[in-house]
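Shown next, in structure tokens, is the structure this report addresses.
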Amino acid sequence: MSDDTTKTAPDPILLSDALKTFEALWSPRIVTRVNDYDVRISKVRGEHVWHVHEYTDEFFLVLDGALDIRLRETDGERTVTLHTGAVFVVPRGTWHKPSAVDGASVLFFEPSGTPSVGDRHDEVPEHVDVTTGHALGN
């Protein structure tokens, strides 16, 4: 007896292979979706832009390299440094600016349709892609 609500599970995705499909920096690729959330990967180097996500937290997992995230908090600015394997969540409403002097590969987990530069941001430099994520392989 078959259940019409049963779906075929997708094939596993090797993140190291997925990262080889693009070179663009600060231009996230959507690896998969979980409910209403995107799982995105990005290659980063240099600085992003100060920005804030008003309605959602932003989850970071460093896959390779090191990522600094500057934060503007109620008691001042601070920087957190994430090395390979480290995770960090920027709480909604917190201005932040990621950077990676030597480059890094990062996995993000955030609601589908979330802009890469948040709901509000400083002027966006040319090297930062303003997107809600690109399909993997594009």
Side-chain angles (χ1 to χ4, degrees):
M1 175 181 267
S2 71
D3 181 352
D4 290 339
T5 62
T6 302
K7 295 181 180 180
T8 302
D11 290 331
I13 299 166
L14 191 58
L15 293 177
S16 58
D17 288 346
L19 284 162
K20 292 175 187 174
T21 66
F22 66 98
E23 291 300 321
L25 299 175
W26 300 109
S27 185
R29 299 307 194 261
I30 299 168
V31 176
T32 191
R33 288 198 167 92
V34 178
N35 298 316
D36 296 331
Y37 282 76
D38 288 342
V39 178
R40 302 176 186 174
I41 56 174
S42 188
K43 294 179 180 181
V44 301
R45 180 181 300 278
E47 294 189 339
H48 197 265
V49 61
W50 277 106
H51 66 284
V52 63
H53 301 276
E54 296 288 356
Y55 307 105
T56 185
D57 301 334
E58 188 171 17
F59 172 91
F60 293 83
L61 164 62
V62 176
L63 302 171
D64 185 50
L67 181 75
D68 292 324
I69 304 174
R70 291 174 51 198
L71 303 161
R72 290 181 183 156
E73 299 173 315
T74 54
D75 55 348
E77 273 190 28
R78 72 177 173 123
T79 300
V80 296
T81 300
L82 308 176
H83 295 280
T84 301
V87 299
F88 185 75
V89 175
V90 174
R92 71 189 72 195
T94 302
W95 281 88
H96 58 288
K97 182 178 185 177
S99 65
V101 173
D102 296 321
S105 298
V106 182
L107 181 139
F108 306 90
F109 189 76
E110 52 198 355
S112 297
T114 300
S116 60
V117 294
D119 301 307
R120 292 185 293 138
H121 52 79
D122 286 352
E123 185 175 336
V124 179
E126 286 186 31
H127 71 275
V128 173
D129 185 13
V130 178
T131 182
T132 57
H134 300 285
L136 193 58
N138 289 339

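For clarity, every value in this text was computed on a predicted model and none was experimentally measured.
- The minimum heavy-atom distance linking Ala66 with Ala104 is given by the pair O-CB, 3.6 Å.
- Thr21 and Ala18 make their closest contact through OG1-O, 2.7 Å (heavy atoms, listed as atom of the first residue, atom of the second, distance).
- To the nearest 0.5 Å, atoms OG1 (Thr79) and NZ (Lys97) are separated by 10.5 Å.
- The backbone N or O of Arg92 sits less than 3.5 Å from a side-chain atom of Asp57, completing a donor-acceptor pair.
- Judged by distance alone, with hydrogens and angles left aside, the side-chain atoms of Arg78 form no donor-acceptor pair with the main-chain N or O of Gly76 at under 3.5 Å.
- Hydrophobic clustering (ILVMFWY, side-chain heavy atoms < 4.5 Å, transitive): Val130 and Ile30 are in distinct clusters.
- In plain terms, the two heavy atoms of Gly113 and Arg40 that are nearest each other are N-NH2, 3.8 Å.
- Heavy atoms of other residues, nucleotides or ligands lying less than 6.0 angstrom from CG of Asp75 number more than 12.
- Among residue pairs with one or both ends in residues 59-86, those qualifying as ring-ring contact (aromatic ring centres under 6.0 Å, His included) are Phe60-Phe108; sequence neighbours excluded.
- Through side-chain heavy atoms spaced under 4.5 Å, either directly or across other Ile, Leu, Val, Met, Phe, Trp or Tyr residues, Tyr55 is tied to no other residue.
- One hydrophobic cluster, built from ILVMFWY side chains closer than 4.5 Å, holds both Phe109 and Leu63.
- Pairs engaging residues 114-126 under the side-chain hydrogen bond (donor to acceptor under 3.5 Å, both in side chains) rule: Glu54-Arg120 [sequence neighbours left out].
- One hydrophobic cluster, built from ILVMFWY side chains closer than 4.5 Å, cannot hold both Leu67 and Val89; they sit in different ones.
- Taking each heavy atom of His51 and Pro98 in turn, the nearest pair found is CE1-CD, 3.9 Å.
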Please step through side chain to side chain contact (heavy atoms under 4.5 Å, CB included) for the pair His134 and Ser27, ending with a clear verdict.
CA-CA 8 Å; His134 300 285; Ser27 185; 3.3 Å; yes

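- Heavy atoms from other residues, nucleotides or ligands lying under 6.0 Å from CZ of Phe88 number more than 12.
- Lys43 meets the side-chain contact (heavy atoms from CB on, under 4.5 Å) test with Leu19, Phe22, Glu23, Leu25, Ser105; sequence neighbours excluded.
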Please report the C-alpha distance between His96 and His53 in whole Å, then the side-chain angles of each, then the deciding distance to 0.1 Å, and finally whether the side chain to side chain contact (heavy atoms under 4.5 Å, CB included) criterion is met.
CA-CA 9 Å; His96 58 288; His53 301 276; 3.5 Å; yes

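- A search for salt bridge (charged side-chain N to carboxylate O under 4.0 Å, His left out) contacts involving Asp17 returns Lys20, not counting sequence neighbours.
- A continuous path of ILVMFWY side-chain contacts below 4.5 Å connects Tyr37 to Val31, so both sit in one hydrophobic cluster.
- Residues Ser112 and Asp36 bring no donor and acceptor atom of their side chains to less than 3.5 Å of each other.
- Hydrophobic clustering, with ILVMFWY side chains joined whenever heavy atoms are under 4.5 angstrom apart, keeps Trp26 apart from Leu107.
- Taken to the nearest 0.5 Å, the OG1 atom of Thr81 stands 9.0 Å off from the CD1 atom of Ile69.
- Not counting sequence neighbours, Arg45 has no partner by the salt bridge (charged side-chain N to carboxylate O under 4.0 Å, His left out) test.
- The two residues Ile13 and Thr32 have their closest heavy-atom pair at CD1-CB, 4.4 Å.
- When atom types are taken as modelled, the side chain of His48 and the backbone of Val117 share no donor-acceptor pair closer than 3.5 angstrom.
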